[in-house]
Colleague: 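Structure incoming, see below.
Values below: every heavy atom of this structure, side chains too, minus hydrogens, waters and symmetry copies. Numbers restart at 1 for each chain; the letters A, B, ... are given by sequence-line order, proteins then strands.
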Protein chains: 2
Amino acid sequence: MRRSEIRGHLLDTALRLFNLHGYHATGIDLLIAEAGVAKTTLYRHFETKEDLILAALERRDEQSRAEMRAFVEQRANGPYERLLATFDFLEASVRDKQFRGCIFMSAAGEHKEAVDPVFRAAVMHKRLVLAYFEELAHAARFAEPKRVAETINLLHEGATAVAQVTRTGEPVRRSKRMAASLLAEEARAPTEPSARSAGAERQATALNAGRS
Amino acid sequence: MRRSEIRGHLLDTALRLFNLHGYHATGIDLLIAEAGVAKTTLYRHFETKEDLILAALERRDEQSRAEMRAFVEQRANGPYERLLATFDFLEASVRDKQFRGCIFMSAAGEHKEAVDPVFRAAVMHKRLVLAYFEELAHAARFAEPKRVAETINLLHEGATAVAQVTRTGEPVRRSKRMAASLLAEEARAPTEPSARSAGAERQATALNAGRS
DNA sequence: GCTTAAATATACCGACCTGTATCGTTTTGC
DNA sequence: GCAAAACGATACAGGTCGGTATATTTAAGC
């Protein structure tokens with residue numbers, strides 16, 4: 001292995017082990033054994049275990065958001081359909097045999113203090129994902145894109161949590177149907193039940209087309 | 001402290017620390033110091049730390065489900081309103097200053113193997129909560145009580161997960177509104193959009209009354 | 001090709017981990 | 001009230017934790 005690849009290889013190994021066993025349960029000795037690297041090397045790249053965790057989360061944050069974007073943009077064309085396609089991406093993630101729950105939620109669950117850098121890194125990831133949902137909701141011309149984004153986000157988190165214990169993709173499909181239903185409602189009645197707009201009608205049509 | 005109370009006191013102390021710091025991060029030495037008990041005493045009541053965790057989860061499972069039942073039954077009369085009142089109970093839990101996420105999800109997150117007894121205990125709790133939702137959904141005469149229960153459950157989990165990172169009760173209120181909307185839809189169209197029933201109409205009315 | 005930086009292997013550190021052993025004291029149940 | 005059981009305090013075992021030190025080998029860059 002070329003030396004320039006070692007850092008990335010260490011982070012990938014760390015992410016795999018963190019996902020399999022958690023953060024506290026993953027020891028440095030196991031990590032370097034799995035990575036096939038000397039302990040000195042690890043500590044040349046990362047000052048402490050916490051630094052390693054933070055770097056790993058940062059890497060995974062960028063990876064997973066880029067993957068979601070690519071998946072969604074390739075799968076669906078309109079922003080409305082893309083909002084729903086995020087659930088297809090999530091389902092693919094959850095159906096992975098190695099799926100053990102969201103590693104950012106696990107990170108927050110093992111580092112519960114709000115000031116803990118690891119907790120904050122997990123929060124940051126969640127904020128960026130939410131921002132992507134809001135971007136899509138805005139592009140879909142929803143009257144309240146923030147509200148829509150938070151709805152989608154809540155369904156994502158619920159599906160992920162349930163899937164973590166059921167170990168099936170079914171909760172994700174259920175949450176997608178719930179999202180479709182709620183978005184249709186949202187498009188139908190942006191604020192007041194009487195305040196329909198032509199744009200909202202168009203969205204409702206797109207939504208029904210997106211249902212499967 | 002009377003000796004008959006020691007076991008319960010140990011479990012309560014353990015649950016408090018598990019909630020604050022997690023399972024791996026909570027050491028036996030800290031636990032006995034906080035409980036004001038000798039190590040010998042702890043190991044007379046529980047063979048291993050895992051046994052302690054399992055007993056603590058069992059205790060908390062019974063406590064929290066009994067509390068939810070009591071809260072919901074006191075707060076609302078009809079099963080339909082009670083289904084929504086579960087979110088009020090959840091909001092109260094989440095607004096607690098000590099809230100650090102669902103301890104059963106944390107347990108599953110730190111013990112990821114499906115055969116791990118701790119993981120299985122967490123799954124068992126989730127199943128029992130789901131059964132309660134289904135009981136309420138059945139009493140509310142929904143056409144598909146299982147589906148309704150899983151919808152409520154997914155919204156609970158989503159709200160809890162989001163609240164774990166935002167540290168606010170707002171996601172729970174949002175999820176309650178989503179539940180109200182989805183249940184209204186469910187009552188309106190139990191299976192086919194055309195298959196309305198008198199019971200479903202009554203439910204829709206009850207639901208609207210439950211909205212705030 | 002030579003210098004420099006980074007890799008390796010290994011031994012080690014102090015702290016902390018779960019769990020046990022010992023022993024004197026206190027409480028419980030009959 | 002007395003025997004048996006549970007308690008508290010302490011010391012300790014064996015292992016693992018995160019992290020360092022040292023000395024040798026390997027590879028990268030000018």
Colleague: For nucleotides 8-10 of chain C, give me every protein contact, N/O to N/O, under 3.5 Å, one pair per line with atom names.
Modeller:
from  : atom 1 : to      : atom 2 : distance (Å)
C:dT8 : OP2    : A:Ala38 : N      : 3.1
C:dT8 : OP2    : A:Thr41 : OG1    : 2.4
C:dA9 : N6     : A:Thr40 : OG1    : 2.8

Colleague: Does B:Asp51 CG have over 12 foreign heavy atoms under 6.0 Å away?
Modeller: yes

Colleague: Apply salt bridge (charged side-chain N to carboxylate O under 4.0 Å, His left out) to B:Glu5 and list each qualifying residue two or more places apart in sequence or on a separate chain.
Modeller: B:Arg2

Colleague: In whole angstroms, how far is the C1' atom of D:dC7 from the NE2 atom of B:His9?
Modeller: 14 Å

Colleague: By salt bridge (charged side-chain N to carboxylate O under 4.0 Å, His left out), which residues pair with A:Arg100, not counting sequence neighbours?
Modeller: none

Colleague: Begin from the C-alpha positions of A:Glu150 and B:Glu170 and carry the test side-chain contact (heavy atoms from CB on, under 4.5 Å) through to its verdict.
Modeller: CA-CA 11 Å; A:Glu150 279 166 1; B:Glu170 180 262 346; 3.6 Å; yes

Colleague: Hey, could you give me the NE2/CG distance between A:His21 and A:Leu30, rounded to the nearest 0.5 Å?
Modeller: 6.0 Å

Colleague: Could you pull out all residues at least two apart from B:Gln74 that satisfy side chain to side chain contact (heavy atoms under 4.5 Å, CB included)?
Modeller: none

Colleague: CE of A:Met68 to CG of A:Leu90: how many Å apart, nearest 0.5 Å?
Modeller: 9.0 Å

Colleague: Show me the pairs that pass salt bridge (Lys or Arg N to Asp or Glu O under 4.0 Å) and involve residues 105-130 of chain A, at least two apart or across chains.
Modeller: A:Lys126-A:Glu157

Colleague: Can you measure A:Ile28 atom CD1 to D:dT20 atom C1' for me and round it to whole angstrom units?
Modeller: 13 Å

Colleague: Hey, could you give me the CD/OG1 distance between B:Glu91 and B:Thr160, rounded to the nearest 0.5 Å?
Modeller: 11.5 Å

Colleague: Show your working on salt bridge (charged side-chain N to carboxylate O under 4.0 Å, His left out) between A:Arg188 and A:Glu185 and close with a plain yes or no.
Modeller: CA-CA 5 Å; A:Arg188 203 174 299 125; A:Glu185 182 79 15; 3.0 Å; yes

Colleague: Quick one: which residue pairs count as a salt bridge (Lys or Arg N to Asp or Glu O under 4.0 Å) with a foot in residues 58-67 of chain B, not counting sequence neighbours?
Modeller: B:Asp12-B:Arg59, B:Asp61-B:Arg65

Colleague: Taking only residues two or more places apart in sequence, or in another chain, which ones meet B:Ala35 in a side chain to side chain contact (heavy atoms under 4.5 Å, CB included)?
Modeller: B:His9, B:Leu10, B:Thr13, B:Val37

Colleague: Contact class for A:Asp29 (heavy atom, under 4.0 Å): base, sugar-phosphate, or nothing?
Modeller: sugar-phosphate

Colleague: In whole angstrom, what separates B:Tyr43's OH from C:dC17's P?
Modeller: 11 Å

Colleague: Which label fits A:Phe104 and A:His125: parallel for a plane angle under 30°, tilted from 30 to 60°, or perpendicular past 60°?
Modeller: parallel

Colleague: Given atom NE2 of B:His45 and atom C1' of D:dA6, what is their separation to the nearest angstrom?
Modeller: 8 Å

Colleague: Could you measure the distance from the CG atom of A:Leu84 to the CD atom of A:Glu81? Nearest 0.5 Å is fine.
Modeller: 8.0 Å

Colleague: If a pair satisfies salt bridge (Lys or Arg N to Asp or Glu O under 4.0 Å) and one of its residues is in residues 14-36 of chain A, list it, with sequence neighbours excluded.
Modeller: A:Arg16-A:Glu34, A:Asp29-A:Lys39

Colleague: Between A:His111 and A:Tyr23, what is the ring plane arrangement, given parallel below 30°, perpendicular above 60°, and tilted in between?
Modeller: perpendicular

Colleague: Mind listing the residues from residues 10-26 of chain B sitting with a heavy atom below 4.0 Å of DNA chain C? Number order is fine.
Modeller: B:Thr26

Colleague: Whole angstrom is fine here: how far is it from CG in B:Leu30 over to P in D:dC17?
Modeller: 20 Å

Colleague: Considering only nitrogen or oxygen atoms on both sides, find all protein atoms under 3.5 Å from nucleotides 27-30 of chain C and state each distance.
Modeller:
none

Colleague: How sharply is the helix from C:dG1-D:dC30 to C:dC30-D:dG1 bent, taking the axes over five pairs at either end and rounding to 10 degrees?
Modeller: 40°

Colleague: In residues 47-55 of chain A, which ones come under 4.0 Å of DNA chain C, going by heavy atoms?
Modeller: none

Colleague: Whole angstroms only, please: what is the CG-C1' distance between A:Leu31 and D:dC17?
Modeller: 14 Å

